[in-house]
Amino acid sequence: MKLFRSDLEQLISNQLFEISTDNLDLGELQVAGNIIMCTISVETAANGYRIYGKLNARLKESCDRCLANFIEDHELNINVILTNDDTLLNEKNIDIIRFAGSEEFVDLTPVFHDLVLLAEPFKKLCDNDCKGLCSNCGKNLNLTTCACHLSKEDTRWDLLKNI
């Protein structure tokens, strides 16, 4: 997404943008509707501008326990400084983009790309109380119960116990 200098100079406030995920190169990650909603505000900062707001992404996930598909909403904070001050470019823990006085626009696509990819959780669960799949028959235990009679003791190791 390109934000033009005229928008920055007007100091836009809570402007809503729809961002297509086609240009974000998210790999295997899927977004519901292939659209990310973004609300951005701009304020002046030392030697540049500060862009801040919210990014709302509806990610299509697959549960790690029961393999069911579900959609999870993520609200991500955007906080970027645009500057031509080279001393700020080496700061840690701040998203800073070099923005020279002669540039007509800034491309926020890499920032959105990183935010969305970092929002994906390591453990994806459809519900915190997900029961998962039966280890014997493979049925989804959230939807039904199975008739499997699993013994409390695993007999596969009995021969080794006798050694």
Side-chain angles (χ1 to χ4, degrees), residues 1-133 138-144:
M1 180 187 118
K2 293 180 181 178
L3 200 56
F4 291 92
R5 181 174 292 280
S6 60
D7 294 327
L8 297 172
E9 290 172 352
Q10 291 177 9
L11 301 178
I12 60 174
S13 178
N14 292 321
Q15 187 165 349
L16 182 65
F17 294 93
E18 283 187 3
I19 303 163
S20 172
T21 58
D22 296 336
N23 300 330
L24 291 182
D25 188 30
L26 298 175
E28 297 293 319
L29 187 64
Q30 295 181 354
V31 176
N34 291 330
I35 297 289
I36 296 174
M37 302 302 290
C38 178
T39 304
I40 291 180
S41 296
V42 177
E43 64 184 27
T44 57
N47 298 322
Y49 300 96
R50 176 177 171 244
I51 300 172
Y52 61 97
K54 301 280 184 192
L55 187 73
N56 296 306
R58 301 192 72 198
L59 302 181
K60 293 179 182 178
E61 305 282 3
S62 177
C63 182
D64 289 338
R65 288 186 189 158
C66 69
L67 305 178
N69 293 325
F70 66 100
I71 293 179
E72 187 171 31
D73 292 326
H74 294 275
E75 184 175 273
L76 313 166
N77 291 323
I78 302 167
N79 194 8
V80 178
I81 303 284
L82 304 178
T83 185
N84 61 359
D85 186 359
D86 290 332
T87 59
L88 290 177
L89 295 176
N90 296 327
E91 289 288 323
K92 303 273 191 237
N93 301 324
I94 300 174
D95 288 329
I96 298 177
I97 297 176
R98 181 159 188 40
F99 188 67
S102 62
E103 295 183 56
E104 288 300 314
F105 63 88
V106 62
D107 188 7
L108 297 175
T109 302
V111 175
F112 295 158
H113 169 267
D114 293 347
L115 283 173
V116 173
L117 286 181
L118 289 172
E120 185 179 23
F122 289 113
K123 184 76 169 176
K124 297 172 253 171
L125 298 176
C126 61
D127 185 28
N128 287 336
D129 298 326
C130 179
K131 296 175 186 174
L133 301 175
K139 288 185 179 178
N140 186 342
L141 298 175
N142 296 313
L143 302 175
T144 184

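Along the sequence shown, residues are numbered consecutively beginning with 1.
Residues Leu24 and Val31 have side chains not in contact (no heavy-atom distance under 4.5 Å, counting atoms from C-beta outward). Ile40 places a side-chain heavy atom less than 4.5 Å from the side chain of Leu108.
Taken from CG in Leu82 to CD1 in Ile97, the straight-line distance is 5.5 Å, to the nearest 0.5 Å. Note that SG of Cys38 and CD1 of Ile51 are 9.5 Å apart. Values are rounded to the nearest 0.5 Å. Considering CZ of Arg98 and CD1 of Ile96, their distance stands at 11.5 Å, rounded to 0.5 Å. The distance from the CG atom of Leu133 to the NZ atom of Lys139 is 12.0 Å, given to the nearest 0.5 Å. One finds the CZ atom of Phe112 at 4.0 Å from the CD1 atom of Ile19 (value rounded to the nearest 0.5 Å).
The shortest non-hydrogen separation linking Asn140 to Gly132 is OD1-O, 3.6 Å. When all heavy atoms of Asp107 and Met1 are compared, the pair lying nearest together is OD1-O, 3.2 Å. Of all heavy-atom pairs between Phe99 and Phe105, the closest is CE1-O, 3.5 Å.
Side-chain atoms of Asn79 do not come within 3.5 Å of backbone N or O of Tyr52 as any donor-acceptor pair.
Among residue pairs with one or both ends in residues 26-46, those qualifying as salt bridge (Lys or Arg N to Asp or Glu O under 4.0 Å) are Glu43-Arg50; sequence neighbours excluded.
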With a cut-off of 3.5 Å and sequence neighbours excluded, list every side-chain donor-acceptor pair involving residues 54-68.
{"from": "Lys54", "atom 1": "NZ", "to": "Asn77", "atom 2": "OD1", "distance (Å)": "2.5"}
{"from": "Arg58", "atom 1": "NE", "to": "Asp73", "atom 2": "OD1", "distance (Å)": "2.7"}
{"from": "Asp64", "atom 1": "OD2", "to": "Lys124", "atom 2": "N", "distance (Å)": "2.9"}
{"from": "Arg65", "atom 1": "NH1", "to": "Cys130", "atom 2": "O", "distance (Å)": "3.1"}

Would you list the atom pairs, donor with acceptor, under 3.5 Å between side chains in residues 5-17 and any protein atom, with sequence neighbours excluded?
{"from": "Arg5", "atom 1": "NE", "to": "Glu103", "atom 2": "O", "distance (Å)": "2.8"}
{"from": "Arg5", "atom 1": "NH2", "to": "Ala100", "atom 2": "O", "distance (Å)": "2.8"}
{"from": "Arg5", "atom 1": "NH2", "to": "Gly101", "atom 2": "O", "distance (Å)": "3.1"}
{"from": "Arg5", "atom 1": "NH2", "to": "Glu103", "atom 2": "O", "distance (Å)": "2.9"}
{"from": "Asn14", "atom 1": "OD1", "to": "Ser41", "atom 2": "OG", "distance (Å)": "3.3"}

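Crowding of Lys123 atom NZ: a count of heavy atoms from other residues, nucleotides or ligands under 6.0 Å exceeding 12.
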